[in-house]
Structures are given as structure tokens and as C-alpha cells.
Undergrad: 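Shown below is the structure under consideration.
Every value quoted in this text rests on a predicted model; they were computed, and no experiment measured them.
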Amino acid sequence: MDPVAALRRIAFLLERGQAPAYRAQAFRTAAARVAEMEPGEAARRAAEGSLESVRGIGPKTAAVIAQALAGAVPEYLAELEEQTEAALGGAAAERAGLAGADLASRAPDGPGGALRAALRGDCHLHSDWSDGGATIEEMGRAAAELGHDWAVLTDHSPRLTVARGLSAERLREQLDVVADLNAQWAPFRLLTGIECDILDDGSLDQEPELLARLDLVVVSVHSKLRMDRRAMTRRLVAAVRDPHADVLGHCTGRLVTGRQRPESEFDAEEVFAACAAAGTAVEINSRPERLDPPRRLLRLAVAAGTLFAVDTDAHAPGQLAWQLLGCARAEECGVAAARVVTTWPVERLLSWTGGRDGTEADAGPAGGTAGDAGPAGGTEGDAAPAGGRPRRRAPRRPPAG
């Protein structure tokens, strides 16, 4: 077994199981050290017993490397695979995206399985440029290995200093990094984006000119979450109407595990009506501690006729597997697959974020289920809001090829 693959798989499983970040990072660091070695060096060091003399490789990671080089499945990897599968009981664990082989090779028949099989991408993930725990390359590689055609890199905006939000200058630098990676990754595409803070007055925390250059913009509230209901409603409505906003992220800001946090209060019907009119998608955030919006609000968004984005808000590669949790909630609440922008091919997604002229056909009854929505890759008329999506910024040229 390839020791680098074994180390990365262990890190992936630890991240997917919500282990402390430092544990997964230790295995990713060891994987990087082995990948940097000259051909045959890892095997020589394993034979000599000198792997632990390499900075970033400790006793546990050295054992994994040696066992993999010997042609065996490392004991710790096998243990993690068994533990995560047993946690929910075999097939149930697979359906929850918590164990077994990569989700790309499966079409689970349990909750969320049909929608998960239709997904093409993920609109919300972070890297170590802000508060993520992995490089841009590691996040993109993991998304591709899970079977995605595309994913959107959405590191934080400048105001969120605690998360190392990107200044305009750093974001411009990141655009060049993403362009270089995409030149190597075709046909997979890592799209440029941002999770942009919604400021107190509903304006967005980045230069409009720079937002217009991005492929997709997620807008989220991270401050003053206990704002007065009427003020929060005005704040969210202004944000989703902004011509650069594409997805409203984790709309209530709640945390349901660990250090719990109550929902922000706002007029959900008014906010979702504004989303539907503007063509801004409502995020179904799949993070286990968020699961936002709550089911009652998700059903209100369905009734309002909004678009949706089933996202992971992943801060580490293994967390990209959490998307199935959001898919299960979407199916339970009657979200039609045709209204889920993460089921769309990249060209269609970029057409939507770039804006369109005219009015498009409705996707059908707002309360339809994933099963009655037609093919996820259908025509652009399948999923537009009834009033059409207004032009939001200059359309982007689809990628070559």
C-alpha cells in the first residue's frame, strides 16, 4: 500500500469523524514528509528504523509508513475503518458518509442517497489561507476524489480577523494560485469564491470590483448574531439582494452541539421571499454542529420557491464527506433536486452566478421532492426562480474544453 495514501486516508477518516484537528494534521504532515523523499528513501529509513528522525514523523506515523511499505494495510488505518463503520452499523454508516470507501463509488439507497448521487459540487469550503486546516491543493484533491466535478473555494473575508480573513490583496493572490492548480486538474475545476461577511447594514465585506471577479459568493453573518429581529431581517434582505450575492450561508448561525448557540431571529418568510426574487440560493449547511437551516425554516424556503446549495462548509478534506447529511435533510423537507445548484454542471452554475437576461421557466411545484424534479443535469429552465434571475455581473466565459 502506498504510505502517502495510507496517511492521507487516516487523516480523512479522523476529520470525517470530527477528531481534534491536530490529530489529523499529524498524519497529513507525515504524508507531506514522505512525499518529499527521494525514491527508495522511505523504504531505506523504514529498514534502518530511522523514520522518526525525520521532522514531522512520529512513532505512530512511522508505524503506518513501515506497515504500508511492507505491503499490509496499516493497523491503525484498519482500526479506524472498522470503528467508523461500526459506529452506525455497516450500511447505515455508509449512508451517513462516515465510513467505507469514497462516496464517489456509491449511490446509497438510504436517506439523502438519491440527492447525493446527483451532486456535482460543493459551494462552500475553506483552506489554510483562512481558518481551514489543509492547503488549497489538499482540499481540491479531496473534492475530486469524492467524485465532484467542481468545488468552490470560499475562504473568509477581511472583517473576520479571528479566522484570518483574506484582505483584497491576499484574495487576488489566491486567484492566481487557483488558476495555476486548475491548469493541472482538468477536467475537475476549483472555482474562485469567498464566504463574505454580511456587515451590520447588510453590505458585503469586500471590494465590489473583486467580488465581481469571483465565480461564486457565499454571504454569511458572523457577528451580532443576537441582533434585533427587525434589524436582522433588514440586514439579511439587503445582503441577498446584493448583485454579488449567490448563496446565503448558514442563515440562523446556530450551533447544535458542543458550545451551543441559539438561532438568530429574523422574519424567515420575508428573507426567503427576497432570496427567491433575487435568485440567491439558500445554503443547506451540512456541518454536524450547524445543520442549518432548521427543518421548519427549510420547509419555509421550499414553499418560497428558493434555490438551494447543499454544502459542507468543510475546513478539512474529510469534512467534505458530510454533504450526505445535508442531502438527507433536503430530501426530508421536500427540496427538489432541480432546485439544488450543487447538482448542476459547472457551465450551468457559472451561467447562473454570472446572471441572465429574461425570464425562465419555473421548476415546478415548490414542494416537489427530489424524485419528481427530473434529471439534475436538465435544461436551465428547470431550476430558475419563477421571475428569472436578474443580471448580477458580467457573465464569465465557460472554461475551455
Undergrad: Taking the six-membered ring for Trp and the full ring for Phe, Tyr or His, determine whether the centres of Phe27 and Tyr22 are under 6.0 Å apart.
TA: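 Centroid distance Phe27-Tyr22: not below 6.0 Å, so no.
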Undergrad: Could you tell me whether the side chain of Leu204 reaches within less than 4.5 Å of the side chain of Leu211, counting heavy atoms only?
TA: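 A side-chain contact exists here, since the closest heavy-atom pair is under 4.5 Å.
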Undergrad: What is the ring orientation for Phe272 with Phe266, classed by angle as parallel under 30°, tilted 30 to 60°, or perpendicular over 60°?
TA: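 Ring orientation of Phe272 relative to Phe266: perpendicular.
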Undergrad: Only one of Arg287, Glu15, His126 clears side chain to side chain donor-acceptor pair (under 3.5 Å) with Gln319; which?
TA: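 Between Gln319 and the candidates, side chain to side chain donor-acceptor pair (under 3.5 Å) is satisfied uniquely by Arg287.
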Undergrad: What residues form a side chain to side chain contact (heavy atoms under 4.5 Å, CB included) with Ala328, not counting sequence neighbours?
TA: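 Result, side chain to side chain contact (heavy atoms under 4.5 Å, CB included) vs Ala328: Pro111.
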Undergrad: I'd like to check the side chain to side chain donor-acceptor pair (under 3.5 Å) partners of Glu52; sequence neighbours left out, ordered by chain and number.
TA: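 By the side chain to side chain donor-acceptor pair (under 3.5 Å) rule, Glu52 matches no residue at all.
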Undergrad: With side chains defined as the heavy atoms from C-beta onward, is the minimum distance between Trp352 and Asp246 less than 4.5 Å?
TA: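 Side-chain contact under 4.5 Å: yes.
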Undergrad: Are His250 and His222 close enough that their ring centres sit under 6.0 Å apart?
TA: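 Ring centres of His222 and His250 closer than 6.0 Å.
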Undergrad: Just jot down the side chain to side chain contact (heavy atoms under 4.5 Å, CB included) partners of Glu36, sequence neighbours excluded, or say none.
TA: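 By the side chain to side chain contact (heavy atoms under 4.5 Å, CB included) rule, Glu36 matches Arg33.
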Undergrad: Under 4.0 Å between a side-chain nitrogen and a carboxylate oxygen: does that hold for Arg296 and Glu263?
TA: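 Looking at Glu263 together with Arg296, the answer is yes, because their closest N to O distance falls below 4.0 Å.
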Undergrad: Between the side chains of Thr135 and Asp128, does any donor sit under 3.5 Å from an acceptor?
TA: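 Note: Thr135 and Asp128 side chains miss the donor-acceptor criterion.
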Undergrad: Taking only Lys NZ, Arg NE, NH1 and NH2, and the carboxylate oxygens of Asp or Glu, determine whether Arg295 and Glu331 approach each other closer than 4.0 Å.
TA: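 Answer for the salt bridge query: no.
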Undergrad: Would you say that Arg28 contacts Phe12 through its side chain, given a criterion of any heavy-atom pair below 4.5 Å between the two side chains?
TA: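 Yes; the side chains approach each other to less than 4.5 Å.
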Undergrad: Do the side chains of Leu291 and Arg254 get nearer than 4.5 Å, heavy atoms only?
TA: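 Yes, side chains in contact.
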Undergrad: Between Asp149 and Arg120, does any side-chain N to carboxylate O distance fall below 4.0 Å?
TA: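 Judged by the 4.0 Å cut-off on N to carboxylate O distance, Asp149 and Arg120 do form a salt bridge.
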Undergrad: If the condition is side chain to side chain contact (heavy atoms under 4.5 Å, CB included), which residues does Asp267 pass it with, not counting sequence neighbours?
TA: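 Partners of Asp267 under the side chain to side chain contact (heavy atoms under 4.5 Å, CB included) test: Arg229, Thr233, Glu269, Glu270.
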Undergrad: Can we say Arg234 and Asp228 salt-bridge, meaning some charged N sits less than 4.0 Å from an Asp/Glu carboxylate O?
TA: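 So Arg234 does not pair with Asp228 through a salt bridge.
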Undergrad: Would you say His244 and Glu209 are linked by a side-chain donor-acceptor pair, where the criterion is simply a distance under 3.5 Å?
TA: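 There is no such pair between these side chains.
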Undergrad: So do Leu125 and Leu153 actually touch side chain to side chain, heavy atoms under 4.5 Å?
TA: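 Touching, per the 4.5 Å side-chain cut-off.
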Undergrad: Which residues satisfy the side chain to side chain contact (heavy atoms under 4.5 Å, CB included) test with Pro262, sequence neighbours excluded?
TA: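 Partners of Pro262 by the side chain to side chain contact (heavy atoms under 4.5 Å, CB included) criterion, ordered by chain and then number, come out as Arg226.
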Undergrad: Any pair with a residue in residues 305-317 that passes salt bridge (charged side-chain N to carboxylate O under 4.0 Å, His left out), sequence neighbours left out, goes on the list, sorted by first then second residue, please.
TA: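 Checked against salt bridge (charged side-chain N to carboxylate O under 4.0 Å, His left out) - neighbours excluded - the pairs reaching residues 305-317 are Arg290-Asp313.
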